[in-house]
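Here's the structure, in structure tokens; my notes come after.
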Amino acid sequence: MQDRWPDLVAAAEAQLPHGLVLDGELVVWDTEAGRLSFEALQRRAAARGRGAAGLVARGRPTSSPSTPSCGGSVA
């Protein structure tokens with residue numbers, strides 16, 4: 001997860017309590033189309049390392065509507 005979703009991992013490490021487990025789905029919102037974009041999600045999933053960070057920098061952040069639960073790790 002760290003190599004494909006560095007922005008989510010960084011946000012989770014900075015904002016969530018240690019040991020929290022998130023169970024949810026990742027979605028990408030296309031601001032121009034005003035809807036979810038499966039294609040953008042595929043591009044982010046295929047990106048690794050700096051490539052994923054570059055997509056974030058170009059305005060393709062990922063959202064995670066997740067349900068928190070106790071125990072385990074975030075990534």
Side-chain angles (χ1 to χ4, degrees):
M1 178 155 171
Q2 290 86 348
D3 61 339
R4 294 182 183 178
W5 313 103
D7 52 328
L8 291 181
V9 172
E13 289 175 343
Q15 299 177 30
L16 300 176
H18 179 71
L20 180 77
V21 174
L22 294 178
D23 179 29
E25 297 179 7
L26 298 175
V27 296
V28 175
W29 183 258
D30 184 332
T31 55
E32 294 174 9
R35 62 178 175 80
L36 298 177
S37 174
F38 183 70
E39 294 81 16
L41 180 63
Q42 287 180 314
R43 282 193 299 274
R44 281 293 310 272
R48 292 188 180 266
R50 290 178 35 188
L55 288 171
V56 173
R58 289 193 301 270
R60 296 288 185 207
T62 306
S63 298
S64 178
S66 302
T67 304
S69 56
C70 298
S73 69
V74 173

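No experiment lies behind these values; they were computed from the predicted model shown.
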Review point. How far apart are the closest heavy atoms of Leu41 and Leu26, and which atoms are they?
Key: CD2-O, 3.7 Å

Point to revise | For Ala33, side chain to side chain contact (heavy atoms under 4.5 Å, CB included) partners two or more places apart | key: Asp30, Arg35

Review point. In Å, rounded to the nearest 0.5 Å, how long is the span from CZ of Arg43 to OG of Ser37?
Key: 5.5 Å

Review point. If you measure from CZ on Arg44 to CG on Leu8, what distance do you get to the nearest 0.5 Å?
Key: 6.5 Å

Check your understanding: How many angstroms lie between CD in Gln15 and CG in Leu20, if you round to the nearest 0.5 Å?
Key -> 12.0 Å

